[in-house]
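As structure tokens, the structure follows; a few thoughts come after it.
The figures that follow rest on heavy atoms only: side chains count, while hydrogens, waters and symmetry mates do not.
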Amino acid sequence: MDTPKEIMYNQNSILIVAILFVLILVANEAGYRLGHYYQARTDEDVKAHTNTIQAGTLGLLALILGFTFNMALQRYNNRSQAVILEANAIGTTLLRTQLLPTPYDSITHSLLQKYVNLRLQVSNTEYGMITERERLGKETKQLQHEIWVNAVKAARLDPRQVTTGYFISALNNMIDAHGERNALLLLHVPEVILFLLFIVFIMAGALMGYASGLGRKRTSVPAMMMTFLICLVVFIIIDLDRPKRGVIKINQESMWQLKDA
């Protein structure tokens with residue numbers, strides 16, 4: 001399965017967040033020194049106007065952050081739903097093997113059990129195990145073909161629509177569910193949105209530092225806490241957006257329930 005060719009997608013999420021944290025702190029420090037430099041030459045009107053711009057930037061930050069988080073969460077939910085749909089499709093196919101003529105009912109049922117185990121192996125394979133993922137992908141397609149060949153043989157032996165025809169329909173749905181799940185694994189938040197988010201974060205940090213520099217006292221601790229919380233939310237967004245790695249993973253319970261079914 002090919003992964004998107006983008007700059008950040010293959011990078012460690014902790015490294016990305018750490019770099020973002022440092023850049024915001026640097027921007028905050030630069031903004032503070034610039035504001036402190038202009039402090040003596042700035043009147044109250046300019047300070048009030050700066051605070052207004054800062055509030056607007058933080059509002060824009062909240063808007064983009066909420067939009068990006070919702071996009072990542074929606075993709076995570078879609079991938080979770082795809083696992084359930086694929087498990088349901090496999091379960092239906094397993095049940096309908098009873099409609100096949102002998103000996104294809106038992107043979108196909110055994111092959112489908114191997115297919116369930118293979119899909120669980122794919123789900124538990126880490127993102128960095130590229131060779132293993134490619135091998136499992138080839139085995140999945142090969143096993144699908146083998147099940148289909150048995151279905152064709154069964155259809156020739158019993159061409160009735162209410163028996164073998166129902167099984168073939170379920171098998172088609174199972175293969176389609178597999179393809180849909182693979183397609184959803186490739187969908188993630190466009191990188192340009194993440195770059196926009198990071199730019200707004202850094203600019204907001206610079207504005208906070210600048211506004212603090214125009215004042216008489218610096219609010220270092222609140223700014224540090226806000227920067228940390230922002231980076232924590234970014235980490236969650238990236239983690240939600242990256243299947244098969246990170247802290248948040250897709251629940252495979254529906255697939256595990258098919259074992260020995």
Side-chain angles (χ1 to χ4, degrees), residues 1-4 72-127 129-188 240-245 248-261:
M1 185 187 302
D2 295 330
T3 54
L73 184 61
Q74 185 63 42
R75 279 158 172 72
Y76 172 81
N77 289 334
N78 289 340
R79 288 191 289 267
S80 299
Q81 186 67 23
V83 173
I84 296 174
L85 291 177
E86 184 181 19
N88 289 341
I90 296 174
T92 301
T93 309
L94 277 167
L95 288 175
R96 292 188 181 180
T97 55
Q98 301 175 26
L99 300 176
L100 298 178
T102 306
Y104 297 108
D105 52 352
S106 58
I107 294 175
T108 307
H109 189 277
S110 177
L111 289 174
L112 284 170
Q113 280 298 330
K114 292 181 181 179
Y115 187 78
V116 171
N117 293 330
L118 191 58
R119 294 304 292 152
L120 286 171
Q121 290 182 46
V122 172
S123 302
N124 295 326
T125 303
E126 295 294 332
Y127 174 80
M129 302 171 65
I130 299 176
T131 304
E132 182 69 10
R133 289 193 296 122
E134 291 179 350
R135 182 186 67 81
L136 292 174
K138 291 179 181 179
E139 288 186 12
T140 299
K141 291 184 178 181
Q142 182 179 354
L143 193 52
Q144 285 178 348
H145 177 71
E146 191 173 350
I147 296 172
W148 179 260
V149 168
N150 277 277
V152 171
K153 292 178 180 179
R156 290 172 180 169
L157 188 62
D158 180 8
R160 290 178 297 172
Q161 177 63 31
V162 295
T163 53
T164 310
Y166 275 15
F167 172 80
I168 292 179
S169 176
L171 181 58
N172 278 328
N173 291 336
M174 185 190 80
I175 296 174
D176 290 343
H178 167 262
E180 182 178 355
R181 182 179 172 186
N182 284 346
L184 287 173
L185 287 174
L186 298 177
L187 292 180
H188 59 95
L240 282 171
D241 196 44
R242 296 179 172 192
K244 296 189 178 182
R245 49 180 163 163
I248 305 173
K249 298 184 181 295
I250 303 296
N251 190 340
Q252 304 292 329
E253 182 61 29
S254 57
M255 195 69 72
W256 278 103
Q257 293 176 358
L258 294 176
K259 288 181 66 69
D260 302 323

Atom of Asn117, atom of Lys259 and distance for their closest heavy-atom approach:
OD1-NZ, 2.6 Å
Sub-3.5 Å donor-acceptor pair from the side chain of Ser110 to the main-chain atoms of Ser106, do we have one?
no
Side-chain (Tyr76) to main-chain (Lys249) donor-acceptor, under 3.5 angstrom:
yes
Indicate the atoms forming the closest heavy-atom contact of Ala170 with Thr92, along with that distance.
CB-CG2, 4.1 Å
Can you check whether Val83 reaches Asn251 side chain to side chain, under 4.5 Å on heavy atoms?
no
Looking only at heavy atoms, what is the nearest atom pair of Thr164 and Ala151, with distance?
CG2-O, 4.0 Å
Qualifying residues under side-chain contact (heavy atoms from CB on, under 4.5 Å), relative to Thr140, sequence neighbours excluded:
Tyr115, Leu118, Arg119, Val122, Gln144, His178
Set of residues satisfying salt bridge (Lys or Arg N to Asp or Glu O under 4.0 Å) with respect to Arg135, sequence neighbours excluded
Glu132, Glu139
Using the side chain to side chain donor-acceptor pair (under 3.5 Å) rule, collect all pairs that involve residues 145-162, keeping only residues at least two apart or in two chains.
Asp158-Arg160, Asp158-Thr163
What pair of heavy atoms forms the shortest contact from Ala177 to Ala89, and how long is it?
CB-CB, 4.2 Å
Gap between atom CG of Leu85 and atom CD1 of Ile90 - 0.5 Å precision:
11.0 Å
If you round to the nearest 0.5 Å, how far is CE of Met174 from OG of Ser169?
12.5 Å
What do the steps show when you test Asn78 against Leu187 for side chain to side chain contact (heavy atoms under 4.5 Å, CB included), and what is the final call?
CA-CA 10 Å; Asn78 289 340; Leu187 292 180; over 6 Å; no
Residues 94-103 side chain polar contacts: donor-acceptor under 3.5 Å, at least two apart:
residue: Arg96; atom: NH1; partner: Tyr166; partner atom: O; Å: 2.9
residue: Thr97; atom: OG1; partner: Leu94; partner atom: O; Å: 2.5

Salt bridge (charged side-chain N to carboxylate O under 4.0 Å, His left out) pairs touching residues 102-117, sequence neighbours excluded, are none
Using 0.5 Å steps for rounding, measure from the CG atom of Asn77 to the CG atom of Leu240.
8.5 Å
Distance col, row Ser123:OG vs Gln121:CD, nearest 0.5 angstrom, shows 10.0 Å
Look up atom CG in Asn88 and atom OG1 in Thr93, then write down how far apart they are to the nearest 0.5 Å.
10.5 Å
Quick check for you: to the nearest 0.5 Å, what is the distance between Met255 atom CE and Leu120 atom CG?
6.5 Å
Does Arg181 have any salt bridge (Lys or Arg N to Asp or Glu O under 4.0 Å) partners at least two apart in sequence or in another chain, and if so, which?
Glu86
